[in-house]
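Heavy-atom basis, side chains included; hydrogens, waters and symmetry copies ignored.
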Amino acid sequence: METCDRCNADMENTTERTQEEITISGNPAKPQGEDGEMMLKRMNESHSAVTCWALEHWQIAPDDEILDIGCGGGATLKRMSEKVTTGHLTGVDYSPVSVETSLETNRQDVESGKMKVLEGSVESLPFADDTFDKITTVESFYFWPAPQENLKEVRRVLKPGGTFVLVADTYNKEGLDPKTLENIYRFHLFTPTREEFQELFEKAGFEDIQIHIKEGTDWICVEGKK
């Protein structure tokens with residue numbers, strides 16, 4: 001199942017039509033309302049496999065300063081927190097519902113000062129230059145308003161030598177499932193090809209770019225260094 005197919009499985013005890021209504025009402029691009037909260041909690045589970053796979057390409061150090069852009073329901077932050085002991089994690093999302101859900105998911109780390117979650121946009125990240133050792137975004141690049149310029153903004157707040165990892169479970173290629181294509185059009189998802197991802201990262205100024213594809217899936221993980 002692909003990105004928004006997963007969104008459509010929000011509640012086990014609802015009909016397929018109701019699940020679809022929840023997704024549309026909840027708004028995957030910018031989660032809102034009670035439906036958005038339900039959708040985010042479901043995504044915390046449904047995005048687990050692709051996130052775990054992508055993070056295998058990353059060596060998280062105990063003292064890393066890490067940023068998660070479009071942190072959604074907060075599951076990626078929680079997973080990375082298991083490996084960060086003396087460092088710090090930050091989540092940012094432009095949806096107030098996502099911020100609140102991430103705070104709820106990571107309440108203990110937030111209260112201890114190990115993590116903070118802020119409302120903000122990738123268009124203008126509320127951080128100084130060269131702030132983070134590592135930056136990631138999981139299943140959010142589809143909705144970035146100006147992908148090429150936004151990638152430059154990501155690079156700005158990354159430390160020299162730091163790594164940015166972009167994770168998506170759908171990219172543009174031959175043989176995509178009709179349901180996946182339907183969701184791409186319905187939710188206006190930005191889904192570059194592998195070659196287009198390479199070009200986007202190069203134009204944004206990233207170096208040592210690596211692109212990982214999970215065999216038998218539509219998953220993609222793009223790494224770039226500053």
Is there a donor-acceptor contact under 3.5 Å from the side chain of [X] to the main chain of [Y]?
X: Q148; Y: L200; value: yes
X: T180; Y: L176; value: no
X: T193; Y: N172; value: no
X: S102; Y: V99; value: no

(request) Check whether the side chains of E223 and H212 place a donor and an acceptor atom closer than 3.5 Å, and report yes or no. (result) yes
(message) Is a donor from one side chain sitting under 3.5 angstrom from an acceptor on the other, for T137 and S140?
(response)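 There is such a pair (donor and acceptor under 3.5 Å, judged by atom type) between the side chains of T137 and S140.
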Holding to side-chain contact (heavy atoms from CB on, under 4.5 Å), I want the full list of residues that pass it with [X], two or more places apart in sequence or in another chain.
X: E202; result: Q198, I209
X: D133; result: D64, E65, K159
X: E123; result: S121, P145, N150

Is it possible for you to say whether [X] and [Y] belong to one hydrophobic cluster, with membership spreading through side-chain heavy-atom contacts below 4.5 Å?
X: I135; Y: M115; value: no
X: V157; Y: I60; value: no
X: L55; Y: I211; value: no
X: F143; Y: L181; value: yes
X: I220; Y: W144; value: yes

Pairwise side-chain contact, [X] with [Y], heavy-atom cut-off 4.5 Å (strictly under):
X: D93; Y: L118; answer: no
X: C221; Y: V165; answer: yes
X: V167; Y: V50; answer: yes
X: F206; Y: R155; answer: yes
X: V117; Y: E100; answer: no
X: L67; Y: I69; answer: yes
X: T170; Y: W219; answer: no
X: V92; Y: E119; answer: no

Side-chain donor-acceptor contacts of residues 81-89 below 3.5 Å, not counting sequence neighbours, with atom names and distances?
from: S81; atom 1: OG; to: D109; atom 2: OD2; distance (Å): 2.6
from: S81; atom 1: OG; to: K114; atom 2: NZ; distance (Å): 3.0
from: H88; atom 1: NE2; to: G113; atom 2: O; distance (Å): 3.4

Over all atoms of both residues, closest heavy-atom pair of [X] and [Y]:
X: L151; Y: A204; value: CB-CB, 3.6 Å
X: S48; Y: R79; value: OG-NH2, 3.0 Å
X: Y171; Y: P192; value: CB-O, 3.5 Å
X: L158; Y: D130; value: O-OD1, 3.3 Å
X: C71; Y: L77; value: CB-CD1, 3.9 Å

(request) May I ask you to check whether over 12 heavy atoms, not counting those of K226, lie within 6.0 Å of atom NZ? (result) yes
(request) Return yes when atom NZ of K173 has more than 12 non-hydrogen atoms of other residues, nucleotides or ligands closer than 6.0 Å, and no otherwise. (result)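 Yes, NZ of K173 has more than 12 neighbouring heavy atoms, counting only those of other groups under 6.0 Å.
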(request) Write out all pairs satisfying salt bridge (charged side-chain N to carboxylate O under 4.0 Å, His left out) with one or both partners inside residues 141-154, taking only residues at least two apart or from two chains. (result) E149-K152, E153-R156
(request) In sequence, state the C-alpha distance, the side-chain angles, and the governing distance for K116 and V110, and then conclude on side chain to side chain contact (heavy atoms under 4.5 Å, CB included). (result) CA-CA 6 Å; K116 63 182 176 182; V110 171; 6.0 Å; no
(message) Over 60° means perpendicular and under 30° means parallel, so tell me whether F190 and F141 are parallel, tilted or perpendicular.
(response) tilted
(request) Using the test ring-ring contact (aromatic ring centres under 6.0 Å, His included), find all partners of F127 that sit at least two apart in sequence or belong to another chain. (result) F132
(request) Examine F201 together with F164 and report whether their ring centres are nearer than 6.0 Å. (result)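 Here the rings of F164 and F201 have centres that are less than 6.0 Å from each other.
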